[in-house]
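Beneath this line is the structure, given in structure tokens, with notes to follow.
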2 protein chains.
Amino acid sequence: MVSQENNCRICQEKSCASKVLSIGNLDILGNSCRTMTISKGETILHEGSLTSHVIYLRSGLVKETVKGIDSQEQIFKIIKGKTYLGMSSLFGDTINHFSYKALSDLTVCHIEISAFKQLMLENAEFTYKIMESQCKENLHNYDKLLKQGQKKIFGRLADALLYFSEDIFENKKFTLPLTQQEVANFIGTSRESTARGLSNFRQNGIISVNNSVVEILDLNCLKQVSRTG
Amino acid sequence: MVSQENNCRICQEKSCASKVLSIGNLDILGNSCRTMTISKGETILHEGSLTSHVIYLRSGLVKETVKGIDSQEQIFKIIKGKTYLGMSSLFGDTINHFSYKALSDLTVCHIEISAFKQLMLENAEFTYKIMESQCKENLHNYDKLLKQGQKKIFGRLADALLYFSEDIFENKKFTLPLTQQEVANFIGTSRESTARGLSNFRQNGIISVNNSVVEILDLNCLKQVSRTG
DNA sequence: GGTTTCCTGTGATATTTATCACAGTTTAAT
DNA sequence: ATTAAACTGTGATAAATATCACAGGAAACC
């Protein structure tokens, strides 16, 4: 981990919310903010630890996880750059409800919670923007979780592939950042079922898989599977 | 529905957030707020409709639902008094993602969204409180949804019973406000499996059921089932 | 009060999914 | 390059759950 002081004025990766901050506000932020790099595989934040900082993911890919029963890792979602991590825990509790682990090399900022709260109480538009983005995320998460409960495995797997293709990588061809075990933990099933699902999609010409490079060949069919369940 | 003008200054059912409002703020709220009663069975808000008002549930019990695939109703959660309804949709989108239906007679307030936003931008502490309560709710919801995905039916049913007993009615004995079909829609299973689960709990002396009056007889055992899944 | 409609309980069966087992592949480490 | 470790693919079987079917109860509606 390399850490350095930060000038938020000139940051190229501002969040939606911090774009509304005045120069004065940005300097308050910069004074309470440290940027650092984290390498793939490291854990940024542990479930169960006390909340102490706002963490802003500038760039890179992160998995948000919880320990399930018999302490199997459940993956809640994959997070890409320009996102605050663990806001619900930060404002809704004193301990973190999720762990965050780097799926790639990352750049993150640690912001002192007191400074962040000060900004929120001084600048209602900032708070409003933060709330807006949280609400958007929540709608998305609830939608995903509720649908997941109804769908069968092929449908959920299709959803996961579409999620990576459309939301995360914005490309029909991408390198899966997860092992099959992790995909299974993400869609709530067993590793074997995930493997069988991928085989099935491959055999039906819906996708191609080479090592961990996936390409969606028949998007309509995949969407169909996602709908049908 | 009976509607009347509202004096928010003297409201006995203020939300956590509106408790921090000044008298002036409360008058702004009161001028843009109408109180009404809604009877059991009516729908307050339809999924898919445009967001137009903040709705505050003063008293009563509401089910929050979404249409699942093949348009089966999924029950996301049960909501009791002193809660804003549909905040995520309101701030995260322009259409409502959930429907809200009365499980009992209700008192609700409709608040003009423009006035509410004005308050949020004028009073950052208010906004902060709103955000805080949203975050608490989210942690709770995510926890529930994630665990639900891992547990088997008996575990989920146990959770639902504990939820009614501890969170909603705060009593070991309560009248189930849902039919078995609805309980099934709540825990994500079939009506028959729900019926079998309840029978099983009854036969094992964990609960007693008379019509829709449920009493938890062996709390420890029920919690055990909830844990074991 | 009688009829209709919705709700509940439970057996039998079919479907879905997990688990076990193990061989073949890829990746990482020396 | 070679070995070890982790990951992947697939069959066989077991467990969980849904679905179908139907009878008996409760509630609601003339």
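Comparing dG9(C), dA18(D), dG9(D) by their closest approach to the side chain of R202(B) singles out dG9(C).
Rounded to a whole Å, the CD1 atom of I207(A) is 13 Å from the P atom of dT8(D). With rounding to whole Å, L198(A) atom CG is found 7 Å from dG9(D) atom P. Atom-to-atom, CG of N210(A) to C1' of dT27(C) comes out at 16 Å; the value is rounded to the nearest Å.
Listed by chain and residue number, D143(B) satisfy the side-chain hydrogen bond (donor to acceptor under 3.5 Å, both in side chains) test with K147(B) (two or more places apart in sequence, or in another chain). In this view, F76(B) and Y142(A), F98(B) satisfy the ring pair (Phe, Tyr, Trp, His ring centres under 6.0 Å) rule, not counting sequence neighbours. Shown here are the side-chain contact (heavy atoms from CB on, under 4.5 Å) partners of C11(B), two or more places apart in sequence or in another chain: E13(B), K14(B), R58(B). S193(B) meets the side-chain hydrogen bond (donor to acceptor under 3.5 Å, both in side chains) test with S190(B); sequence neighbours excluded. With sequence neighbours excluded, the residues satisfying side-chain hydrogen bond (donor to acceptor under 3.5 Å, both in side chains) with R227(B) are Q224(B).
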- prompt: What string of B, S and - do you get for nucleotides 20-26 of chain D 5' to 3' if you count protein non-hydrogen atoms under 4.0 Å?
  reply: B------
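Within the structure, no pair that satisfies the salt bridge (Lys or Arg N to Asp or Glu O under 4.0 Å) test touches residues 186-212 of chain B, not counting sequence neighbours. The stretch residues 98-113 of chain A participates, sequence neighbours left out, in these side chain to side chain donor-acceptor pair (under 3.5 Å) pairs: S59(A)-T107(A), E64(A)-Y100(A), E73(A)-K101(A). Evaluation of the side chain to side chain donor-acceptor pair (under 3.5 Å) test over residues 211-221 of chain B, restricted to residues two or more places apart or in two chains, returns none.
Taking 4.0 angstrom as the limit, S199(B) places a side-chain polar atom (N or O) nearer than this to OP1 or OP2 of dT10(C). Regarding contacts with the backbone of dT17(C), every side-chain N or O of S193(A) stays at 4.0 angstrom or more from both OP1 and OP2.
Considering only heavy atoms from C-beta on, F116(B) stays 4.5 Å or farther from S32(B) through its side chain. A 4.5 Å side-chain heavy-atom check between V183(A) and L157(A) finds at least one atom pair inside the cut-off. Taking the side chain as every heavy atom from C-beta outward, C33(A) and C109(A) approach each other to under 4.5 Å.
Within residues 177-190 of chain A, the residues having any heavy atom closer than 4.0 Å to DNA chain C are, in order of number, T189(A), S190(A). The stretch residues 145-162 of chain B has no heavy atom under 4.0 angstrom from DNA chain C at all.
Axis deviation across the helix from dG1(C)-dC30(D) to dT30(C)-dA1(D) amounts to 60°, comparing end segments of five pairs, rounded to 10 degrees.
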- request: Start with the C-alpha gap between K151(B) and D159(B), add the side-chain angles, then the distance that decides, and say whether salt bridge (Lys or Arg N to Asp or Glu O under 4.0 Å) holds.
  value: CA-CA 10 Å; K151(B) 288 184 186 178; D159(B) 280 347; 2.8 Å; yes
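S89(A) contributes no side-chain N or O that, together with a main-chain N or O of M87(A), makes up a donor-acceptor pair within less than 3.5 Å.
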